[in-house]
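Only one structure is covered here, and it is reproduced in the block below.
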Amino acid sequence: VTVQLRRRTRAALIAALLAALPTVSLMHAQPAHAVILPARTIDGPSEDIVGFGGVAMAEDGTGGLVYLKRVAGVAHVFVARYAHGEWQAPIRVDTEQPFAASWPRIGAANGGELVVVWATPFASENQRPVDELLSATLGSGSSTFGPGLIVDGDIRQGTGTSPEIAMSSSGQADVVYRVVQETEGRQTSVPLLRPGDVIEQVRVAHYNGERWSALGAINRNGGISMRPPSAANAPRIAIGPTGVGVVVWQEPDIEGVARIWARRIFGATLDYVMPVSATSFPGGLIQDDADAPSVAFSRLGQAEVAYRQVATAGSPLPGPRIFLNVLPDGESASGAEFAGAAVVDAVVSGGRSASVGRPSIDIDEHQDMRLLYDSNGTPRVVQGNDKGLAGVLSLGPGFVGSELTPASEVPSASVMNPEGGGLSAWPSADRAGRPAVAVREDFPGGAVQTALFSGGTGGLIGELAVGRSSLGDGLVAFQQGPIGSAAIVAAQATAPPFRFVISVPRVFVKPAQAQVAWEAASSAGSPLAYTVVLDGRRLPTPPGARVLRFDPRGLGDGSHKVQLLATDIYGQSTLTAPSKLRIDGQPPLVSIARLRGGHTIAVRVSDRYSGVASNGVSVSFGDGGRASGRARFRHAYAHAGVYTVVVQVRDKLGNRGVVRRLVSVP
Amino acid sequence: VSPRPAILAAIGCAAATIALAAAGSADADVFGPISIGSSGDLAGGGEQQQALYGHDPAISGSGRYVIFDGYFAGRSGVWRRELRPGEVSGPIEPVAVGAQAPGSEGCAGAVPCDATLPSVSANGQFVSFTTAARLDPANDTNEAPDVYVRNMALGESQPGAFTLVSAADGTSAGLTYEGPLSHGAVASGRTAISADGNEVAFVTTAISDLTDPGTPSEPRTPALQVAVRNLGAHTTELVSAEYDPATGQARPGVPVSTLEANETWGAVYTTAAAGPSFPFNNRAYDLPPVVGASISADGTTVAWMGRVVYKQARMLPGEVGARYAEPLWRRIADGPLAPTRRVTGGSEPENPACAASGEQNVPAPGSASLSDPCQGPFAVSAESGVWAGSRGNADTVPQLSGDGYTVVFLAGAQLVALGSNFGRSGEELADLYIANMHPGLTRRAALRPLTELATGHEAERAGDAPVVDASISVDGGQVAFVTQRTLFPLGSPSYVTQPAAAAGIGELFDVDLANDTLTRVTTGYAGGPSEHPGVTSQTPPALPTDGALSPSFSADGNTLAFASTASNLIYGDGNTPAAGGEICTCSSDGSDVFDVERRQFPPTTVEQYVSAAPANPEVAPEWRLGVTAVSSSNGTVRLYVSVPGAGTLSASALGTVPVARARRGRRARVAQRRVSATPARAVAPPGGLVQITLKLAPAYRALASRLAGLSATANVTLTAPGRRALRQAIAVDFRVRAVHSKSSRRAPAKWRRHR
């Protein structure tokens, strides 16, 4: 008996505890309804805008873009920060530097922190100028950039530097860049494999949030020449939130064929060199250069590298193709080497004369992959998941080059929405043939939104970049118009809030106790407006509230559906899945039935919600008879007459009531 | 230029096109694909031929014709090719050509196969050039080189097709020369003729009767004089006239000459005092000899690289070196007394503070200081001046804008502003400058450098390769130049093209002075730098003039013609230099004439299209009622009804009430009756909270006053068209709770029965 009592007591205690706990529902948003907003001209058109350096977006949806603008005739670095869903006025980065800047790049961390790197001449050595790679940081709460930090004090003349910065949400960053050595007029022990080749180092530097440390040259063989630097063969880097990442670059192998190589980066430590590109294909060896590497790195440590494989006469490939190679995260498969390069899209017409553009790849922690490239002018998106390639999608309108850059060499970008789908942007043209940037948003639910962006006074599309957050938001920025009339244009694809947590009482409560509480939703479109929805009705919700107590009036007994509608500054809404709110505001019901010709009555106390508290029930039958402690009673009257039956009731929530009924006994 | 306010569509609307108003006009520095100009339909039969070589192109102001020195099918000389928009080919006509002797580059007889250095009028009708051939035998009586103009409206053999330019003043008779037949008169390429073709500038390279036409048998005018021939008036004017320090004016008809170190120096710069010999070679990979003069398109102004400057323009008293070279400028439209002015220089005697200082000479370059009021923009040596030509050849003839007030020139001296030998050794590496010749400007203020050496390491071509040729557009807004440099450290103009990884052969660049940008014009058809097989990164070009040369603008500045030895500017260039890096000085040097158009980007209305955004999640009220009740102390019951939408709401209450008292054997009875009801009322959407007050019917009202009150069940009903009726029941109590004193708060003495 004791054991049973203890068990019962424990069960009761657990039940009581459970009852006391609210229901916490992790409500993922319905499919993210990202919306593409009209592009905005950030700066220009102006004769002073002379370059664009890229755009970056942190996981929290903040970010910025960087570009070059002349001040008093000298090119300097300017940044426009993106925060709270708005572009802020551009500010100058290199305020301490008197000389012309070049190669600006930008990285973004949470809270609006931005890190910018750029090159500038700073001294001369043996009567020749030497460029250095500098960096400056815009802190979360700061409105001006800090002093410049030296990333690399000697990048020679800054030719072909092509830096790329990758930044984690925690503020760590890595930058990869090239340093081309001058060989003119000097003897060099390094043979030049091909005309136009250069002696070059690919270097990496790591930023721990406070200072930069050089990881040095990463190319595998300093004794061979490299292909002349171009935008298509620039090194690439990607890192995860902890600062672990992968760097990829192009470098000739021992046969003199330019291949793609990769190394993992563990903070300030470099791992060994891994070959990425395929050296053979069914039918023979690949003897053509591979270029245009693009790398993405997942939160869990998986890297995927896409590159372009040229195919000339004698190649086993039917034509140029985009290859994909995967470096597993080490959990699901060995992370020690790449799994093997494979063609991602076999359907490319045109044979060896086909035009294949530079790929852009992005992945997420679910091992989903999205890759955009130009296939004979058609934008093709290759999608994949943890089981392999999932399909290829042709987007429209087509790639359109410019007088400066053929269509296959124009930059494009595609990033993922963590909820599925993604954002793609590429240079194109409108129906009138005017240059524009085509943007397409594929939603997880299958919906699509498209846009053609143009800014400034129009004109050819220059550099183009896309950044993305972990919230489904993306930034598209580009330079439009020729130098002399160039503008910096930016657009954003916003996602509604998601990852919503709301809590409602798990058990029945009285109407006056009914409330819903919620956590702030993640969104780049903050501040958000919240609206509590009860049984499909929107209830007035004070701004800034995180808890709403329901009006007990009209809140009838039973189960109600509670939802929360979060609306961002763009009017996009996310509605959480319904949570049950159980209300019991009425005392138990009393029913009296006459039995046996009316001399006997049966009293029944019931409560379909919280239940009857039996010890709170008492009945006075009007003839002096009384009973209590039960929910069912039976009483026989001895004499005819009209009696007043008074039933006092109470349910388990404490709702009390007194029911008086006249009973006529024949 | 700033954008006008953009009209932005609201978010969430249906497919929207957003129009941005056009911004202000802005020019651009983007050049289109390069076309070959030295290729076309030669015989008129539609068959396209490419010249074996093409040099020294000049484009007409209309942009319709490109004139060049080339070789087709055994004939060389000056040719005219028509540029037809959208067509890769066009007819090629001979301007002044002749057969070459087999196995030789000499002419086969007295034919103008040596015609060279053409300039062209704006409409392409008149072409000036230099040749030793006697194309006007009646007036040209010698075998020395002379300057001619060809009227392309007339056939080659028609009378008047060729007009002798180097003729004596007031007649059509040619000048008489003294000395070897290799010296006479020459005109520079591209810039020797005015836009209307009426004025032609030329330079004598021999002693002539230019200023003493009355004694042709005893010519006394020293060599290397600048003259302008007015073809319509048959006059020839000495431009390089002496300067009279007393009056500050020119001495009309008095040529400039001096004897120094046993050599006679004239008014015009040449590499040697004797001047160049004609015929010039085909100049494969090289420039024509540095001699000549430019005339502005409006014919008002002439510029030349001068020597014996102290006799031509105002200088400090101590500046008397004959070798001193400097660009000079004279506005002949202002009359014969208008003096020659210095475009730039090492001194500035016009500065009033300089005149007041009594300074006799400027310090040597190492001591030059801008605090010296007599100091000019450049730190110069008295032996060389602004241009010494010690580092190879360059086309140093100053170039003029259409009105003559803007001058583009090359200078080997360094700017005083750069400091003493900063970044430079004693060697001269040409940079490009532009000067404003409008009155009232000091030479320091009038000067603007367009390039600057990137390093102090002279052997490094990427930073220090010389500028070897230049041109300026008629409106003075565009400057084209040629160099093998890849680095341009000046921020103004700002170099906006991706720098090449390494220095190669000479590339053509364009400075847009309005936009203050510098753009590389020449690009291989595959996107890379200019190349030809003879040049690799391991075998750089041997000459700084290998590559592009002779840029020439059309009048609107939108078409550039130039020559280049590159073989990758167009696809299928059939005129490729031999591989192996050897410099071919033969005719088949691989040089071709090209043209390229500057792309115009007129402001356009920018439109944006954003398709409809996906719909937000819908929120629809559930079709259900929510009812709560509150008993009032006055015996009524307030019902709070949460309604989901529009409809008609009604409420009533059912209670058990006594209906008969016991009397005479009849038993008392109770029954359920409707004790309260409200009239139906409509409610408006969307669903909200509706309050209904239930009052007991008069017959039952007293029951509420009894101690026990009246328990009842309230039924609430909502009806709406097309929707099911909603009903909700709730237990209620009607009870009057009178506010009494404590003693009186008791139950009534007797219960009353209701009938």
Side-chain angles (χ1 to χ4, degrees), chain A residues 30 33 35-39 41 45-47 50 70 73-75 100 127-129 159-160 180 184-185 192 195-196 198 228-229 403 434 447 449-454 457-459 482-485 533 535-538 553-556 570-571 573 575 585 640 642 644 659-662 664 666, chain B residues 1 3 8-9 11-12 18 23 26-30 32 423 454-457 459-461 487 491-492 494 496 499 501 512 515-517 536-538 599 601 603-604 606 608-611 613-614 616-617 619-622 624 626-628 640-642 656 658 667-670 687 689 708 711:
Chain A
Q30 293 174 359
H33 298 270
V35 171
I36 302 172
L37 302 178
T41 300
S46 166
E47 61 190 30
V50 292
R70 289 185 307 205
V74 179
Q127 295 185 323
R128 92 180 42 175
T159 303
V180 178
E184 184 183 336
L192 301 184
V198 297
E403 292 84 351
R434 294 172 297 208
Q449 189 179 15
T450 60
L452 276 173
F453 286 145
S454 193
T457 51
I483 297 299
S485 181
V533 178
D535 297 329
R537 288 183 292 113
R538 298 170 189 251
R553 299 174 301 169
L555 190 59
Y570 309 110
S573 297
L575 184 65
V642 173
T644 299
V659 176
R660 296 171 182 84
R661 293 279 170 81
L662 296 176
S664 175
Chain B
V1 178
L8 298 178
I11 304 162
I18 301 108
D27 289 333
D29 298 306
V30 177
T455 78
H457 195 259
E460 190 168 331
R461 292 178 306 118
L487 302 175
S492 174
S494 181
V496 295
D512 187 325
N515 293 338
D516 202 17
T517 53
T536 69
S537 58
Q538 294 166 303
R599 289 302 178 98
F601 295 92
T604 57
V606 175
Q608 296 188 40
Y609 169 83
V610 180
S611 68
N616 274 331
V619 176
E622 286 186 40
R624 63 180 283 181
V627 182
T628 59
Y640 294 100
V641 184
S642 173
T656 305
R667 296 189 182 110
R669 286 194 298 124
V670 294
L689 193 64
S711 295

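Below, chains carry the letters A, B, ... as their sequence lines are ordered, and counting in each starts from 1.
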What heavy-atom pair brings [X] and [Y] nearest, and what distance separates the two atoms?
X         : Y         : result
Pro621(B) : Arg537(A) : CB-CG, 3.8 Å
Val610(B) : Pro38(A)  : CG2-CA, 4.4 Å
Val670(B) : Val642(A) : CG1-CG1, 3.8 Å

Check your understanding: Is a side-chain donor or acceptor of Asp535(A) paired with a backbone partner of Glu622(B) at a separation under 3.5 angstrom?
Key -> no
Practice item. Spell out, as yes or no, whether a donor-acceptor pair under 3.5 Å connects the side chain of Ser642(B) to the backbone of Leu555(A). Key: no
**Study point:** Portion of Val619(B) that has a non-hydrogen atom of chain A nearer than 4.5 angstrom
**Key:** both
**Study point:** Per-residue contact mode, Arg553(A) against chain B (heavy atom under 4.5 angstrom)
**Key:** both
Check your understanding: What part of Val659(A) is in contact with chain B, defined as an atom under 4.5 angstrom from a non-hydrogen atom: side chain, backbone, both or neither?
Key -> both
**Study point:** Side chain proximity check, Thr450(A) to Tyr609(B), heavy atoms < 4.5 angstrom
**Key:** yes
